[in-house]
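Numbers restart at 1 for each chain; the letters A, B, ... are given by sequence-line order, proteins then strands. All values reported here derive from a predicted model rather than from experimental measurement.
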2 protein chains.
Amino acid sequence: MVKFDSGRATSQAVEDYLKAIYKLQSVTAPVTTSALAEKLGISAAAATKMLKQLDGMRLISYVPYHGANLTDAGRRIALEVIRHHRLIEQYLHQAMGYAWDQVDAEAEKLEHAISEEFEARIDELLGYPETCPHGDPIPRADGVLVDERLQTLGECAAGDWVRIERVRDTDPAVLRDLTQRQMGLHTQIFVSDRHSDNSLTILVAGTPHLVHEPISASVFVTPLTADQAPANHG
Amino acid sequence: MVKFDSGRATSQAVEDYLKAIYKLQSVTAPVTTSALAEKLGISAAAATKMLKQLDGMRLISYVPYHGANLTDAGRRIALEVIRHHRLIEQYLHQAMGYAWDQVDAEAEKLEHAISEEFEARIDELLGYPETCPHGDPIPRADGVLVDERLQTLGECAAGDWVRIERVRDTDPAVLRDLTQRQMGLHTQIFVSDRHSDNSLTILVAGTPHLVHEPISASVFVTPLTADQAPANHG
DNA sequence: TATCGAATTTAACCATGGTTAAATCTTACC
DNA sequence: GGTAAGATTTAACCATGGTTAAATTCGATA
(Lines give C-alpha, C1' and ligand atoms only; values in the text may rest on other atoms or scores of the structure.)
Protein backbone atom coordinates (compact mmCIF):
# COMPACT_ATOMS: atom_id res chain seq x y z
CA MET A 1 0.00 0.00 0.00
CA VAL A 2 1.42 3.33 -1.06
CA LYS A 3 0.85 6.34 1.14
CA PHE A 4 -0.87 9.19 -0.66
CA ASP A 5 1.55 12.08 -0.85
CA SER A 6 -0.53 15.22 -0.61
CA GLY A 7 2.17 17.61 0.64
CA ARG A 8 5.48 18.64 -0.89
CA ALA A 9 8.07 15.89 -0.88
CA THR A 10 9.90 16.46 -4.13
CA SER A 11 13.69 16.59 -4.12
CA GLN A 12 15.60 19.42 -5.67
CA ALA A 13 16.63 17.11 -8.50
CA VAL A 14 13.01 16.25 -9.29
CA GLU A 15 12.10 19.93 -9.29
CA ASP A 16 14.96 20.76 -11.63
CA TYR A 17 13.95 17.99 -14.03
CA LEU A 18 10.31 19.06 -14.07
CA LYS A 19 11.23 22.68 -14.65
CA ALA A 20 13.54 21.72 -17.51
CA ILE A 21 10.91 19.47 -19.07
CA TYR A 22 8.34 22.25 -18.79
CA LYS A 23 10.57 24.71 -20.59
CA LEU A 24 11.63 22.25 -23.29
CA GLN A 25 8.03 21.22 -23.82
CA SER A 26 7.11 24.74 -24.91
CA VAL A 27 9.58 24.34 -27.79
CA THR A 28 9.02 20.71 -28.77
CA ALA A 29 6.84 18.08 -27.21
CA PRO A 30 7.37 15.36 -26.28
CA VAL A 31 10.73 16.16 -24.70
CA THR A 32 13.60 13.93 -25.81
CA THR A 33 16.11 12.34 -23.49
CA SER A 34 19.04 14.07 -25.14
CA ALA A 35 17.45 17.54 -25.04
CA LEU A 36 16.79 17.11 -21.35
CA ALA A 37 20.28 15.78 -20.66
CA GLU A 38 21.86 18.67 -22.49
CA LYS A 39 19.73 21.28 -20.72
CA LEU A 40 20.65 19.88 -17.32
CA GLY A 41 24.28 19.21 -18.17
CA ILE A 42 24.11 15.50 -17.34
CA SER A 43 24.49 12.26 -19.28
CA ALA A 44 21.67 10.80 -21.34
CA ALA A 45 21.79 7.71 -19.16
CA ALA A 46 21.07 9.74 -16.05
CA ALA A 47 18.18 11.44 -17.82
CA THR A 48 16.70 8.11 -18.86
CA LYS A 49 16.81 6.79 -15.32
CA MET A 50 15.13 9.88 -13.91
CA LEU A 51 12.49 9.86 -16.65
CA LYS A 52 11.50 6.36 -15.58
CA GLN A 53 11.39 7.49 -11.99
CA LEU A 54 9.26 10.57 -12.75
CA ASP A 55 6.90 8.40 -14.79
CA GLY A 56 6.54 6.10 -11.77
CA MET A 57 5.66 9.13 -9.66
CA ARG A 58 2.99 10.12 -12.23
CA LEU A 59 4.68 13.48 -12.78
CA ILE A 60 5.33 12.78 -16.45
CA SER A 61 4.11 10.27 -18.97
CA TYR A 62 7.14 8.71 -20.57
CA VAL A 63 7.27 6.29 -23.48
CA PRO A 64 10.74 4.72 -23.83
CA TYR A 65 12.50 5.91 -26.99
CA HIS A 66 9.75 8.46 -27.60
CA GLY A 67 10.20 11.14 -24.95
CA ALA A 68 8.12 12.56 -22.13
CA ASN A 69 5.28 14.95 -21.38
CA LEU A 70 4.33 16.47 -18.05
CA THR A 71 1.17 15.25 -16.35
CA ASP A 72 -1.07 17.78 -14.64
CA ALA A 73 0.65 17.00 -11.33
CA GLY A 74 4.08 17.45 -12.89
CA ARG A 75 3.09 20.71 -14.54
CA ARG A 76 1.74 22.00 -11.25
CA ILE A 77 5.09 21.41 -9.55
CA ALA A 78 7.05 22.86 -12.47
CA LEU A 79 4.93 26.00 -12.38
CA GLU A 80 5.40 26.32 -8.63
CA VAL A 81 9.16 26.16 -9.05
CA ILE A 82 9.04 28.70 -11.88
CA ARG A 83 6.80 30.91 -9.77
CA HIS A 84 9.36 30.76 -6.96
CA HIS A 85 12.18 31.49 -9.37
CA ARG A 86 10.61 34.52 -10.99
CA LEU A 87 9.25 35.98 -7.76
CA ILE A 88 12.69 35.66 -6.19
CA GLU A 89 14.28 37.26 -9.24
CA GLN A 90 11.92 40.20 -8.98
CA TYR A 91 12.57 40.49 -5.25
CA LEU A 92 16.34 40.44 -5.73
CA HIS A 93 15.97 43.12 -8.36
CA GLN A 94 13.38 45.42 -6.78
CA ALA A 95 14.09 45.02 -3.09
CA MET A 96 17.77 44.21 -3.03
CA GLY A 97 19.21 46.11 -5.96
CA TYR A 98 20.47 43.15 -8.01
CA ALA A 99 21.09 43.85 -11.70
CA TRP A 100 18.98 41.78 -14.10
CA ASP A 101 21.96 39.75 -15.25
CA GLN A 102 22.70 38.57 -11.70
CA VAL A 103 19.28 37.48 -10.51
CA ASP A 104 18.99 34.18 -12.39
CA ALA A 105 21.96 32.45 -10.79
CA GLU A 106 20.99 33.48 -7.27
CA ALA A 107 17.32 32.54 -7.78
CA GLU A 108 18.37 29.15 -9.11
CA LYS A 109 19.62 28.18 -5.68
CA LEU A 110 16.99 29.95 -3.59
CA GLU A 111 13.97 28.62 -5.49
CA HIS A 112 14.30 25.21 -3.84
CA ALA A 113 14.86 26.56 -0.34
CA ILE A 114 12.00 28.95 0.33
CA SER A 115 8.73 28.13 2.08
CA GLU A 116 5.23 28.93 0.90
CA GLU A 117 5.20 31.54 3.65
CA PHE A 118 8.28 33.22 2.16
CA GLU A 119 6.74 33.10 -1.30
CA ALA A 120 3.56 34.76 -0.07
CA ARG A 121 5.49 37.50 1.73
CA ILE A 122 7.68 38.56 -1.17
CA ASP A 123 4.66 38.42 -3.45
CA GLU A 124 2.87 40.84 -1.14
CA LEU A 125 5.92 43.05 -0.56
CA LEU A 126 6.32 43.41 -4.32
CA GLY A 127 2.66 44.24 -4.86
CA TYR A 128 1.84 40.99 -6.67
CA PRO A 129 4.10 41.47 -9.69
CA GLU A 130 3.10 39.88 -12.98
CA THR A 131 6.57 39.38 -14.43
CA CYS A 132 10.20 38.80 -13.46
CA PRO A 133 12.88 41.39 -14.27
CA HIS A 134 13.27 39.85 -17.74
CA GLY A 135 9.57 40.23 -18.50
CA ASP A 136 8.76 36.53 -18.10
CA PRO A 137 5.27 36.10 -16.66
CA ILE A 138 5.05 34.80 -13.08
CA PRO A 139 2.69 31.83 -12.70
CA ARG A 140 -0.09 32.61 -10.25
CA ALA A 141 -0.29 30.77 -6.93
CA ASP A 142 -3.24 28.78 -8.30
CA GLY A 143 -1.06 27.52 -11.15
CA VAL A 144 -2.43 29.69 -13.93
CA LEU A 145 0.13 31.11 -16.35
CA VAL A 146 -0.55 33.23 -19.40
CA ASP A 147 2.52 32.96 -21.59
CA GLU A 148 2.04 34.56 -24.98
CA ARG A 149 4.50 34.17 -27.79
CA LEU A 150 5.91 37.57 -28.81
CA GLN A 151 7.87 38.49 -31.89
CA THR A 152 11.61 39.02 -31.57
CA LEU A 153 13.39 42.20 -32.44
CA GLY A 154 15.10 40.19 -35.17
CA GLU A 155 11.76 39.59 -36.83
CA CYS A 156 11.00 43.30 -37.15
CA ALA A 157 10.99 45.19 -40.41
CA ALA A 158 12.65 48.52 -41.12
CA GLY A 159 10.33 51.32 -40.09
CA ASP A 160 8.78 49.45 -37.12
CA TRP A 161 8.25 51.16 -33.81
CA VAL A 162 8.35 48.57 -31.03
CA ARG A 163 8.66 48.27 -27.28
CA ILE A 164 10.77 45.73 -25.36
CA GLU A 165 8.48 43.44 -23.38
CA ARG A 166 10.70 40.51 -22.54
CA VAL A 167 14.28 39.30 -22.89
CA ARG A 168 15.86 35.86 -22.80
CA ASP A 169 17.33 35.44 -19.33
CA THR A 170 19.87 32.80 -20.18
CA ASP A 171 23.01 34.76 -21.02
CA PRO A 172 24.25 37.38 -18.54
CA ALA A 173 26.60 38.81 -21.18
CA VAL A 174 23.67 39.59 -23.49
CA LEU A 175 21.81 41.21 -20.61
CA ARG A 176 24.80 43.38 -19.73
CA ASP A 177 25.12 44.34 -23.36
CA LEU A 178 21.49 45.44 -23.41
CA THR A 179 22.01 47.43 -20.22
CA GLN A 180 24.94 49.27 -21.80
CA ARG A 181 22.78 50.21 -24.78
CA GLN A 182 20.06 51.48 -22.43
CA MET A 183 17.76 48.75 -23.67
CA GLY A 184 15.70 47.83 -20.64
CA LEU A 185 12.18 46.46 -20.25
CA HIS A 186 9.60 48.78 -21.89
CA THR A 187 12.23 50.73 -23.78
CA GLN A 188 10.90 52.04 -27.11
CA ILE A 189 12.87 51.23 -30.22
CA PHE A 190 12.74 52.37 -33.82
CA VAL A 191 14.01 49.89 -36.39
CA SER A 192 15.69 52.05 -39.00
CA ASP A 193 17.33 49.40 -41.18
CA ARG A 194 17.65 45.69 -41.88
CA HIS A 195 20.94 44.52 -43.34
CA SER A 196 21.75 41.51 -45.51
CA ASP A 197 23.29 39.53 -42.61
CA ASN A 198 20.06 39.97 -40.61
CA SER A 199 21.63 42.55 -38.35
CA LEU A 200 19.59 45.67 -37.65
CA THR A 201 20.23 49.33 -37.15
CA ILE A 202 17.93 50.62 -34.43
CA LEU A 203 17.37 53.87 -32.61
CA VAL A 204 17.34 53.79 -28.81
CA ALA A 205 16.62 57.16 -27.21
CA GLY A 206 17.82 58.84 -30.37
CA THR A 207 21.10 56.92 -30.48
CA PRO A 208 21.72 54.49 -33.36
CA HIS A 209 22.84 50.94 -32.53
CA LEU A 210 23.88 48.05 -34.72
CA VAL A 211 22.46 44.82 -33.28
CA HIS A 212 23.38 41.34 -34.47
CA GLU A 213 21.46 38.09 -34.30
CA PRO A 214 22.38 36.84 -30.82
CA ILE A 215 21.04 40.08 -29.40
CA SER A 216 18.08 40.64 -31.69
CA ALA A 217 16.86 37.09 -31.16
CA SER A 218 16.98 37.56 -27.37
CA VAL A 219 14.70 40.58 -27.30
CA PHE A 220 10.94 40.19 -27.54
CA VAL A 221 8.85 43.17 -28.56
CA THR A 222 5.35 44.39 -29.29
CA PRO A 223 4.56 46.91 -32.00
CA LEU A 224 3.67 50.38 -30.80
CA THR A 225 0.20 51.55 -31.73
CA ALA A 226 -0.14 54.56 -34.00
CA ASP A 227 -0.77 56.99 -31.14
CA GLN A 228 2.22 55.68 -29.14
CA ALA A 229 4.71 55.93 -31.97
CA PRO A 230 6.50 59.28 -32.33
CA ALA A 231 5.54 60.95 -35.59
CA ASN A 232 9.05 61.50 -36.88
CA HIS A 233 11.12 58.62 -38.27
CA GLY A 234 7.95 56.79 -39.37
CA MET B 1 47.20 13.39 -5.94
CA VAL B 2 44.44 15.31 -4.26
CA LYS B 3 43.40 18.62 -5.67
CA PHE B 4 43.69 21.42 -3.13
CA ASP B 5 40.23 22.70 -2.38
CA SER B 6 40.53 26.41 -1.74
CA GLY B 7 36.97 27.46 -2.57
CA ARG B 8 33.69 26.41 -0.99
CA ALA B 9 32.74 22.86 -1.80
CA THR B 10 31.10 21.68 1.39
CA SER B 11 27.79 19.87 1.17
CA GLN B 12 24.79 20.93 3.17
CA ALA B 13 25.26 17.88 5.36
CA VAL B 14 28.85 18.82 6.16
CA GLU B 15 27.77 22.36 7.00
CA ASP B 16 25.03 21.09 9.30
CA TYR B 17 27.42 18.79 11.11
CA LEU B 18 30.02 21.50 11.60
CA LYS B 19 27.43 23.93 12.89
CA ALA B 20 26.09 21.35 15.33
CA ILE B 21 29.59 20.47 16.53
CA TYR B 22 30.37 24.15 17.01
CA LYS B 23 27.31 24.68 19.16
CA LEU B 24 27.80 21.52 21.19
CA GLN B 25 31.45 22.36 21.72
CA SER B 26 30.52 25.52 23.59
CA VAL B 27 28.77 23.32 26.15
CA THR B 28 31.13 20.36 26.38
CA ALA B 29 34.25 19.60 24.41
CA PRO B 30 35.12 17.25 22.88
CA VAL B 31 31.73 16.57 21.30
CA THR B 32 30.47 13.03 21.71
CA THR B 33 28.98 10.93 18.94
CA SER B 34 25.69 10.54 20.77
CA ALA B 35 25.28 14.24 21.52
CA LEU B 36 25.85 15.03 17.87
CA ALA B 37 23.50 12.29 16.69
CA GLU B 38 20.78 13.52 19.01
CA LYS B 39 21.17 17.14 17.98
CA LEU B 40 20.90 16.26 14.30
CA GLY B 41 18.17 13.67 14.76
CA ILE B 42 20.14 10.86 13.16
CA SER B 43 21.57 7.53 14.32
CA ALA B 44 24.85 7.30 16.20
CA ALA B 45 26.20 5.12 13.40
CA ALA B 46 25.60 7.86 10.85
CA ALA B 47 27.32 10.37 13.12
CA THR B 48 30.35 8.10 13.50
CA LYS B 49 30.71 7.70 9.77
CA MET B 50 30.51 11.44 9.17
CA LEU B 51 32.97 12.17 11.99
CA LYS B 52 35.52 9.99 10.25
CA GLN B 53 34.83 11.77 6.99
CA LEU B 54 35.15 15.23 8.54
CA ASP B 55 38.39 14.19 10.21
CA GLY B 56 39.69 13.09 6.81
CA MET B 57 38.81 16.53 5.45
CA ARG B 58 40.73 18.14 8.31
CA LEU B 59 37.63 19.98 9.47
CA ILE B 60 37.62 18.27 12.87
CA SER B 61 40.09 16.25 14.86
CA TYR B 62 38.37 13.08 15.88
CA VAL B 63 39.64 10.35 18.18
CA PRO B 64 37.48 7.22 17.96
CA TYR B 65 35.53 6.62 21.18
CA HIS B 66 36.64 10.00 22.51
CA GLY B 67 34.76 12.59 20.48
CA ALA B 68 35.66 15.45 18.18
CA ASN B 69 36.85 19.05 18.15
CA LEU B 70 36.71 21.51 15.28
CA THR B 71 39.94 22.45 13.56
CA ASP B 72 40.49 26.08 12.58
CA ALA B 73 39.23 25.27 9.09
CA GLY B 74 36.14 23.58 10.49
CA ARG B 75 35.42 26.43 12.86
CA ARG B 76 35.74 28.91 10.02
CA ILE B 77 33.06 27.10 8.02
CA ALA B 78 30.81 26.68 11.06
CA LEU B 79 31.02 30.39 11.78
CA GLU B 80 30.24 31.23 8.17
CA VAL B 81 27.11 29.10 8.31
CA ILE B 82 26.10 30.65 11.61
CA ARG B 83 26.76 34.10 10.15
CA HIS B 84 24.49 33.28 7.24
CA HIS B 85 21.85 31.94 9.57
CA ARG B 86 21.74 34.93 11.90
CA LEU B 87 21.99 37.53 9.14
CA ILE B 88 19.10 35.86 7.33
CA GLU B 89 17.09 35.74 10.56
CA GLN B 90 17.62 39.45 11.07
CA TYR B 91 16.69 40.14 7.46
CA LEU B 92 13.50 38.11 7.69
CA HIS B 93 12.62 39.98 10.86
CA GLN B 94 13.60 43.54 9.95
CA ALA B 95 12.96 43.64 6.23
CA MET B 96 10.20 41.12 5.79
CA GLY B 97 8.17 41.33 8.96
CA TYR B 98 8.71 37.80 10.26
CA ALA B 99 8.04 37.31 13.97
CA TRP B 100 11.04 36.12 15.99
CA ASP B 101 9.57 32.67 16.51
CA GLN B 102 9.33 32.07 12.75
CA VAL B 103 12.75 33.12 11.56
CA ASP B 104 14.78 30.12 12.70
CA ALA B 105 13.01 27.51 10.61
CA GLU B 106 13.12 29.61 7.45
CA ALA B 107 16.78 30.57 7.96
CA GLU B 108 17.68 26.91 8.48
CA LYS B 109 16.89 26.22 4.84
CA LEU B 110 18.13 29.46 3.33
CA GLU B 111 21.51 29.47 5.07
CA HIS B 112 22.86 26.82 2.71
CA ALA B 113 21.48 28.41 -0.45
CA ILE B 114 22.72 32.00 -0.40
CA SER B 115 25.84 33.33 -2.10
CA GLU B 116 28.52 35.53 -0.56
CA GLU B 117 27.05 38.31 -2.68
CA PHE B 118 23.66 37.83 -1.06
CA GLU B 119 25.22 37.76 2.38
CA ALA B 120 27.05 41.04 1.72
CA ARG B 121 23.90 42.71 0.44
CA ILE B 122 21.64 41.89 3.35
CA ASP B 123 24.45 42.82 5.74
CA GLU B 124 24.62 46.23 4.10
CA LEU B 125 20.84 46.65 3.81
CA LEU B 126 20.52 45.95 7.54
CA GLY B 127 23.30 48.37 8.45
CA TYR B 128 25.76 45.69 9.59
CA PRO B 129 23.75 44.31 12.50
CA GLU B 130 25.61 42.78 15.44
CA THR B 131 22.95 40.31 16.54
CA CYS B 132 20.08 38.20 15.24
CA PRO B 133 16.49 38.84 16.43
CA HIS B 134 17.14 36.62 19.46
CA GLY B 135 20.17 38.64 20.50
CA ASP B 136 22.72 36.05 19.38
CA PRO B 137 25.87 37.74 18.08
CA ILE B 138 26.51 37.53 14.34
CA PRO B 139 30.02 36.32 13.46
CA ARG B 140 31.86 38.91 11.42
CA ALA B 141 32.78 38.20 7.80
CA ASP B 142 36.41 37.71 8.89
CA GLY B 143 35.32 34.94 11.27
CA VAL B 144 35.57 36.86 14.54
CA LEU B 145 32.78 36.24 17.03
CA VAL B 146 32.46 37.70 20.49
CA ASP B 147 30.08 35.47 22.39
CA GLU B 148 29.88 36.33 26.06
CA ARG B 149 28.12 34.14 28.56
CA LEU B 150 25.25 36.06 30.19
CA GLN B 151 23.28 35.18 33.29
CA THR B 152 19.77 33.80 32.84
CA LEU B 153 16.67 35.37 34.26
CA GLY B 154 16.36 32.24 36.38
CA GLU B 155 19.65 33.08 38.08
CA CYS B 156 18.44 36.48 39.23
CA ALA B 157 17.68 37.38 42.83
CA ALA B 158 14.61 39.16 44.14
CA GLY B 159 15.14 42.90 43.87
CA ASP B 160 17.24 42.75 40.68
CA TRP B 161 16.63 45.16 37.85
CA VAL B 162 17.71 43.55 34.56
CA ARG B 163 17.40 43.94 30.83
CA ILE B 164 16.75 41.17 28.28
CA GLU B 165 19.76 40.84 26.02
CA ARG B 166 19.28 37.44 24.43
CA VAL B 167 16.84 34.54 24.30
CA ARG B 168 17.22 30.90 23.40
CA ASP B 169 15.97 30.54 19.83
CA THR B 170 15.17 26.86 19.94
CA ASP B 171 11.53 26.73 21.00
CA PRO B 172 8.99 28.82 19.05
CA ALA B 173 6.39 28.26 21.79
CA VAL B 174 8.65 29.90 24.39
CA LEU B 175 9.27 32.81 22.02
CA ARG B 176 5.55 33.29 21.45
CA ASP B 177 4.97 33.17 25.18
CA LEU B 178 7.56 35.91 25.66
CA THR B 179 5.92 38.00 22.96
CA GLN B 180 2.57 37.72 24.70
CA ARG B 181 4.12 38.95 27.94
CA GLN B 182 5.67 41.91 26.08
CA MET B 183 9.11 40.52 26.84
CA GLY B 184 11.18 41.45 23.83
CA LEU B 185 14.88 42.17 23.37
CA HIS B 186 16.02 45.05 25.62
CA THR B 187 12.87 44.96 27.73
CA GLN B 188 13.55 46.00 31.33
CA ILE B 189 12.43 43.66 34.08
CA PHE B 190 12.16 43.91 37.83
CA VAL B 191 12.48 40.64 39.73
CA SER B 192 10.09 41.05 42.63
CA ASP B 193 10.12 37.53 44.08
CA ARG B 194 11.77 34.12 43.94
CA HIS B 195 9.61 31.17 44.93
CA SER B 196 10.52 27.77 46.36
CA ASP B 197 10.06 25.97 43.00
CA ASN B 198 12.51 28.41 41.34
CA SER B 199 9.72 30.26 39.60
CA LEU B 200 9.87 34.04 39.72
CA THR B 201 7.44 36.88 39.98
CA ILE B 202 8.62 39.69 37.73
CA LEU B 203 7.35 43.08 36.69
CA VAL B 204 7.21 43.84 32.97
CA ALA B 205 6.06 47.38 32.14
CA GLY B 206 4.36 47.51 35.52
CA THR B 207 2.49 44.23 35.04
CA PRO B 208 3.34 41.25 37.27
CA HIS B 209 4.12 37.90 35.65
CA LEU B 210 4.82 34.49 37.10
CA VAL B 211 7.59 32.82 35.08
CA HIS B 212 8.63 29.18 35.44
CA GLU B 213 11.93 27.47 34.71
CA PRO B 214 11.57 26.72 30.99
CA ILE B 215 10.99 30.40 30.38
CA SER B 216 13.40 31.88 32.92
CA ALA B 217 16.21 29.62 31.71
CA SER B 218 15.65 30.77 28.13
CA VAL B 219 16.08 34.46 28.84
CA PHE B 220 19.53 35.98 29.22
CA VAL B 221 19.87 39.31 30.98
CA THR B 222 22.32 41.94 32.17
CA PRO B 223 21.88 43.86 35.41
CA LEU B 224 20.82 47.49 35.03
CA THR B 225 23.26 50.02 36.40
CA ALA B 226 22.15 52.23 39.27
CA ASP B 227 21.29 55.19 37.02
CA GLN B 228 19.31 53.02 34.60
CA ALA B 229 17.17 51.34 37.26
CA PRO B 230 13.98 53.18 38.20
CA ALA B 231 14.16 54.40 41.82
CA ASN B 232 10.92 52.81 42.99
CA HIS B 233 10.74 49.00 43.58
CA GLY B 234 14.46 48.89 44.39
C1' DT C 1 12.38 -3.27 -47.45
C1' DA C 2 16.96 -3.95 -45.49
C1' DT C 3 20.45 -1.41 -43.30
C1' DC C 4 23.21 1.83 -40.87
C1' DG C 5 23.93 5.67 -37.85
C1' DA C 6 22.17 8.19 -34.24
C1' DA C 7 19.48 8.20 -30.20
C1' DT C 8 18.29 5.71 -26.31
C1' DT C 9 18.36 2.34 -22.82
C1' DT C 10 20.66 -1.04 -19.96
C1' DA C 11 24.35 -2.65 -17.10
C1' DA C 12 27.83 -2.08 -13.91
C1' DC C 13 29.75 1.02 -11.19
C1' DC C 14 30.56 5.16 -7.71
C1' DA C 15 29.76 8.70 -3.81
C1' DT C 16 26.87 10.56 -0.32
C1' DG C 17 24.25 10.13 3.62
C1' DG C 18 21.15 7.54 5.81
C1' DT C 19 19.33 2.83 8.35
C1' DT C 20 19.46 -1.46 11.82
C1' DA C 21 21.90 -5.11 14.14
C1' DA C 22 26.06 -7.00 15.88
C1' DA C 23 30.57 -6.39 17.72
C1' DT C 24 33.69 -3.79 20.50
C1' DC C 25 35.51 -0.35 23.54
C1' DT C 26 35.24 2.56 27.99
C1' DT C 27 34.41 3.34 32.36
C1' DA C 28 32.21 3.27 36.75
C1' DC C 29 31.52 0.32 40.40
C1' DC C 30 32.00 -3.61 43.48
C1' DG D 1 41.37 -5.28 39.18
C1' DG D 2 37.39 -7.73 36.99
C1' DT D 3 32.96 -6.95 35.06
C1' DA D 4 28.72 -5.23 33.28
C1' DA D 5 26.25 -1.41 31.28
C1' DG D 6 26.31 2.01 28.11
C1' DA D 7 28.51 4.35 24.41
C1' DT D 8 30.61 3.72 20.13
C1' DT D 9 32.04 1.59 16.02
C1' DT D 10 31.61 -1.80 12.36
C1' DA D 11 29.09 -4.39 9.00
C1' DA D 12 25.62 -5.00 5.80
C1' DC D 13 22.26 -2.78 3.69
C1' DC D 14 19.27 1.01 1.16
C1' DA D 15 17.94 5.22 -1.83
C1' DT D 16 19.28 8.98 -4.65
C1' DG D 17 21.53 10.78 -8.43
C1' DG D 18 25.40 10.67 -10.92
C1' DT D 19 29.14 8.18 -14.32
C1' DT D 20 30.98 5.27 -18.62
C1' DA D 21 30.57 1.48 -21.81
C1' DA D 22 27.85 -1.85 -24.15
C1' DA D 23 23.54 -3.23 -26.10
C1' DT D 24 19.38 -2.06 -28.26
C1' DT D 25 15.87 0.48 -30.86
C1' DC D 26 14.31 3.88 -34.22
C1' DG D 27 13.88 5.82 -38.51
C1' DA D 28 15.85 7.87 -42.66
C1' DT D 29 17.72 6.41 -46.80
C1' DA D 30 19.48 3.32 -50.60
| message | Let's see if you can work this out: which of D:dT9, C:dG18, C:dT9 has an atom nearest to the side-chain heavy atoms of B:Ala46? | response | C:dG18
| query | Considering only side-chain heavy atoms of A:Ser43, which listed nucleotide, C:dG17, C:dT8, D:dT20, is closest? | reply | D:dT20
| Touch check for B:Ala13, heavy atoms < 4.0 angstrom, all strands: base, sugar-phosphate only, or nothing? | sugar-phosphate
| request: Go through C:dG18, D:dT24, D:dG18 for me and flag the one nearest to the A:Tyr65 side chain. | output: D:dT24
| query | Considering only D:dG17, D:dT10, D:dT9, which nucleotide approaches the side chain of B:Tyr62 most closely? | reply | D:dT9
| task | Ignoring backbone atoms, establish whether A:Ser34 has a side-chain N or O less than 4.0 Å from OP1 or OP2 of C:dA6. | result | no
| Rounded to the Å, how far apart are A:Met50 CE and C:dT9 P? | 15 Å
| request: Could you state the atom-to-atom distance from CD of A:Gln12 to C1' of C:dG17 in whole Å? | output: 16 Å
| task | Starting at atom NZ of A:Lys49, determine the distance to atom P of D:dA21, rounded to an integer number of angstrom. | result | 16 Å
| task | Write down the distance between CG (A:Leu40) and P (D:dG17), rounded to a whole number of angstrom. | result | 12 Å
| query | Taking atom CD of B:Glu38 as the centre, does the number of heavy atoms from other residues, nucleotides or ligands within less than 6.0 Å exceed 12? | reply | no
| Heavy atoms under 4.0 Å, any strand shown: does A:Lys52 hit a base, just sugar-phosphate, or nothing? | sugar-phosphate
| field | Value in whole Å for how far the P atom of D:dA7 lies from CD1 of B:Ile42 | value | 17 Å
| message | I want to verify a distance call: between C:dT19, D:dG18, C:dT26, whose nearest atom is closest to the B:His66 side chain? | response | C:dT26
| said: If you count every heavy atom of other residues, nucleotides or ligands that lies below 6.0 Å from A:Glu155 atom CD, does the total exceed 12? | reply: yes
| field | B:Leu36 CG to D:dT9 C1', straight-line distance once rounded to whole Å | value | 14 Å
| task | Fit a plane to each ring of B:Phe118 and A:Tyr98, take the angle between them on a 0 to 90° scale, and name the class: parallel (under 30°), tilted (30 to 60°) or perpendicular (over 60°). | result | tilted
| query | Starting at the 5' end of DNA chain D and moving along, which residue's nearest nucleotide shows up first, B:Leu51 or A:Gln53? | reply | B:Leu51
| task | Determine, stepwise, if the pair A:Met96 / B:Glu117 fulfils side chain to side chain contact (heavy atoms under 4.5 Å, CB included). | result | CA-CA 11 Å; A:Met96 296 182 65; B:Glu117 167 79 14; over 6 Å; no
| query | Without hydrogens or angle criteria, can the side chains of A:Glu89 and A:His85 be said to hold a donor-acceptor pair below 3.5 Å? | reply | yes
| query | Only one of A:Asp142, A:Asp136, A:Asp123 forms a salt bridge (charged side-chain N to carboxylate O under 4.0 Å, His left out) with A:Arg83, so which one is it? | reply | A:Asp123
| note | From the candidates D:dA7, C:dT8, C:dG17, the one with an atom nearest any side-chain atom of A:Thr32 is C:dT8
| Looking at the side chain of B:Thr48, which of C:dT9, D:dG17, D:dT10 is the nearest nucleotide? | D:dT10
| query | Atom CG of A:Asp16 to atom P of D:dT16: distance rounded to whole Å? | reply | 16 Å
| A:Glu38 CD to C:dT8 P: how many Å, rounded? | 12 Å
| With respect to the phosphate group of C:dG17, does any side-chain polar atom (N or O) of B:Ser11 fall under 4.0 Å of OP1 or OP2? | yes
| note | Closest of D:dT10, D:dT9, D:dT19 to the B:Ala45 side chain is D:dT10
